[in-house]
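I have placed the structure first, in the form of structure tokens, so that the comments after it can refer back to it.
Everything quoted here is computed from the prediction, not taken from an experiment. Position 1 is the first residue of the sequence; numbering continues from there.
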Amino acid sequence: MRVIQAATKRLVEKHGHLNDINVFPVPDGDTGSNMAGTMRNIVTTSTKSIERSIGKMSNVIAESALMSARGNSGVILAQFLCGFSEGVKGLKRITPSDFSNAASTAARRAMESISDPREGTILTVINDWADHLKANCHNYQNFHELLHDSLEQAKLSVRSTTDKLASLKKADVVDAGGLGFVYLLEGIVEFTERGSLRDNAEDYVVVNSYSPVQDRVSVDSLEFLYCTECLVTGQAIDANALRKQLSPLGDSLIVAGTPEKVRVHVHTNEPETAFAIAATFGTVSAQKAENMLEQHRRLLADVQQQTGIITDSTCDLPEQLLNEYGIRVAPLRLFLNDEEFVDKITISTEDFNSRLASSTSARTSQPAPGDFKRLYEEMQDHYQEVAALHVMARYSGTMQSSKAVGSMVWNDNLTMLDTNTLTGGLGLVVLRAAQRAREGMTAADIVRIAEEESQNVRVFVSMDTLDFAVRGGRMTRSQGMLARLLRIKPVLEFNSREQGKVNVVAKALGTQRSEDKLFAMLARDMQAKGDCDLQFAITHVNVPKVAERYAKRMEKELGVAPLYIMQASPVLGCHSGPGACAVSMLMSPKVKEA
């Protein structure tokens with residue numbers, strides 16, 4: 001295990017450089033972070049293992065790798081470790097010949113996991129290294145000599161990648177994944193030599209550039225936008241069949257693992273379809289879908305900020321704004337008729353809201369700890385500190401879960417805020433926080449201002465049905481029947497001044513009067529606040545025409561157009577039912593000119 005720790009330490013030290021030269025398959029600058037994150041999790045989950053035999057310990061490491069693999073190179077690395085585990089199965093000790101045979105098996109399994117393997121990638125370096133081991137394992141008396149010699153071959157191989165892929169040649173760099181594999185070998189070799197790693201070791205591999213080079217291969221569009229990943233757990237999983245079904249969805253497809261656990265990675269425009277296909281082979285977890293073009297654009301912008309922003313999927317902000325400001329979102333778990341989904345990953349908001357009306361039960365649950373852990377660890381590679389802004393803790397354990405996981409990852413560099421609001425109210429507060437982070441503000445200052453702003457948020461919701469209030473126990477069945485007969489349409493407020501408490505603030509006979517009362521309360525609060533800067537957001541549960549009508553009335557009567565209109569997060573639909581429309585208003589003191 002100490003050898004794996006040494007290899008990880010070297011990779012983590014060098015991960016920033018790997019990000020800087022990452023241009024293939026997409027110039028999004030995250031290969032180093034993905035490989036380092038994969039290895040860090042292997043160390044974290046495997047360190048306490050009491051296994052002594054090489055075969056059993058390799059299996060523990062392989063299992064850990066599959067559970068935590070991130071990105072193209074991370075998944076290939078996980079498959080390599082699974083293949084190595086297969087090669088040493090049943091062995092208590094290992095000879096140089098055993099090691100070389102296991103390396104050959106690992107290289108073959110890594111190659112088999114990829115639908116379209118390319119020369120000039122990490123696969124090339126792994127194969128060249130394994131071939132050299134196979135040809136020379138009988139020429140050495142000990143492991144150190146064998147590993148040291150094979151490392152030199154891996155260095156030669158990674159240098160050759162520049163001329164094997166057009167994007168690498170254009171950027172004048174080596175393959176980042178291949179170099180990451182070399183760094184792992186370096187850590188192992190140095191540990192066998194010295195029993196430790198030097199803190200400031202020189203670079204074994206001279207790379208042609210030591211500054212970010214993605215602008216040399218910049219792109220304006222990508223055929224497939226989303227880096228999509230998940231873990232499939234089951235029995236006798238047919239990886240080849242799964243790979244065949246996923247293949248038409250995109251490229252960079254990797255299906256890696258064992259018959260019981262398979263890690264899927266694919267670049268696609270249809271993440272939900274990929275997850276649905278994977279679900280036919282077993283239980284799907286650890287889903288992720290990231291927009292690679294937005295990652296690339298942020299990288300080219302060379303934006304320097306010390307504070308990262310994280311929230312949860314009750315925060316309603318358009319995807320374009322989430323991507324523009326690099327806001328990380330932990331997805332809630334959703335349940336429709338007891339079928340579980342991951343918010344905005346395995347089911348879209350539009351699909352959830354459309355299915356809501358015919359559902360017999362609908363509820364939400366806080367994000368899984370593993371989702372928070374992945375997000376917080378990914379943010380370590382980009383920021384010095386984090387500001388976490390979440391849905392009101394009064395009705396959700398989301399913030400508590402975020403704090404428990406985030407504090408372990410970030411220690412004292414995490415600042416939390418219960419915003420006491422949700423949907424567009426949370427969206428407006430988070431957007432302002434992200435803008436301040438982009439300007440270089442600290443997490444403490446961002447959260448201090450966001451706390452003040454959350455008290456100046458108003459979220460009013462007009463409801464079309466009371467069935468969900470009855471179903472959720474907030475109203476008796478007889479009250480619901482009477483309200484339906486009288487066509488009573490209530491207006492709710494999620495009151496941030498009362499820790500997000502839901503209050504019925506108006507009751508009206510019919511839809512038009514309900515709308516009138518909602519706008520009257522907006523005007524009342526605006527007048528009470530006095531001269532201030534206003535921002536609005538309109539979110540709705542599958543009633544776009546109502547939202548458009550509200551937007552026109554808002555501009556006409558209040559003089560301000562909404563910043564955005566979008567489908568509301570499922571938590572609002574579960575609470576207020578189909579047909580609900582929420583108007584969120586943020587009133588900020590005007591900034592005095594100098």
Measure the spacing between CG of L428 and CG of L317 and express it to the nearest 0.5 Å. 7.0 Å
Less than 4.0 Å between a side-chain N and a carboxylate O, is that true for E229 and R70? no
Are Y550 and H540 close enough that their ring centres sit under 6.0 Å apart? no
In Å and rounded to the nearest 0.5 Å, what is the OG1 to CZ distance from T364 to F352? 7.5 Å
Within 45° cone and under 6.0 Å: R553 NZ/CZ vs F519 ring: yes
Set out, in order, the CA-CA distance, both residues' side-chain angles and the distance that settles side chain to side chain contact (heavy atoms under 4.5 Å, CB included) for T442 and E385, then state yes or no. CA-CA 8 Å; T442 66; E385 55 180 357; 3.5 Å; yes
Sole residue of T539, D351, D316, N542 in side-chain hydrogen bond (donor to acceptor under 3.5 Å, both in side chains) with Q567: N542
State, without any angle test, whether Q305 and R438 hold a side-chain donor-acceptor pair at a distance under 3.5 Å. yes
Ion pair E515/R549, N-O distance below 4.0 Å: yes
Between D371, I345, T349, L332, which is the residue that forms a side-chain contact (heavy atoms from CB on, under 4.5 Å) with S313? L332
Could you tell me if the ring centre of Y226 sits under 6.0 Å from that of H265? no
Is the backbone of D30 close enough, under 3.5 Å, to the side chain of N34 for a donor and an acceptor to pair up by distance? yes
Are K489 and D464 within salt-bridge range, i.e. N to O under 4.0 Å? yes
Side-chain (N353) to main-chain (A568) donor-acceptor, under 3.5 angstrom: yes
